Amino acid sequence: VHLCRTEQELRDTIRSFAERPFLLQEAVQESFGRDIRVHVVADEVAACVMRHSVNDFRANASQGGSMEALRPDAEVVELALRWARVFGVV
């Protein structure tokens, strides 16, 4: 995961991947250092956590972030299930 703050950093990062596949995602400043992880199993939400980091834009627990169980609202459940179907994982 890379955070590119300038157009040149973006170009350099893209070049570093050469022929390997990669995904670009716009950084959302309001969610900096936090995200929601939803686990979908057999076409239903099995678990959901909110991940936080105060030091980094990545909220990985393995990188010093923390997480707590979260009861997802109907919108989060619907989005998770919709995307799981789109990607064919359920």
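Just so it is clear, the structure is predicted and the values come from calculations on it, not from any experiment.
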Transitive ILVMFWY side-chain link [X] to [Y], under 4.5 Å:
X: Phe22; Y: Leu10; answer: yes
X: Leu79; Y: Phe87; answer: yes
X: Val89; Y: Val41; answer: no
X: Val49; Y: Val77; answer: no

Do you know which two heavy atoms are closest between Phe57 and His2, and how far apart they sit?
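Where Phe57 meets His2 most closely, the heavy atoms are CZ-C, 3.9 Å.
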With a cut-off of 3.5 Å and sequence neighbours excluded, list every side-chain donor-acceptor pair involving residues 58-70.
{"unit_1": "Arg58", "atom_1": "NE", "unit_2": "Asp56", "atom_2": "OD2", "d": "3.1"}
{"unit_1": "Arg58", "atom_1": "NH2", "unit_2": "Asp56", "atom_2": "OD2", "d": "2.8"}
{"unit_1": "Glu68", "atom_1": "OE1", "unit_2": "His52", "atom_2": "NE2", "d": "3.4"}

Nearest 0.5 Å please: distance from the CD atom of Glu9 over to the CD1 atom of Ile14.
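The CD1 atom of Ile14 is 12.0 Å from CD of Glu9, to the nearest 0.5 Å.
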Return the NE2 to SG distance between His39 and Cys48, rounded to the nearest 0.5 Å.
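Spacing of NE2 (His39) from SG (Cys48) equals 8.0 Å.
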Does any non-hydrogen side-chain atom of Ile36 lie less than 4.5 Å from one of Pro72?
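Contact flag for Pro72/Ile36 side chains = no.
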Would you say that more than 12 heavy atoms from the other residues, nucleotides or ligands in this model lie under 6.0 Å from the CD of Glu7, or not?
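Incorrect, the count does not exceed 12.
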Quick check on side-chain contact (heavy atoms from CB on, under 4.5 Å): which of Val90, Val86, Val40 does Leu81 satisfy it with?
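That would be Val40; it is the only one of Val90, Val86, Val40 passing the side-chain contact (heavy atoms from CB on, under 4.5 Å) with Leu81.
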Considering residues at least two apart in sequence or located in another chain, which fulfil the side-chain hydrogen bond (donor to acceptor under 3.5 Å, both in side chains) criterion with Asp43?
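Asp43 satisfies side-chain hydrogen bond (donor to acceptor under 3.5 Å, both in side chains) with Arg85 only.
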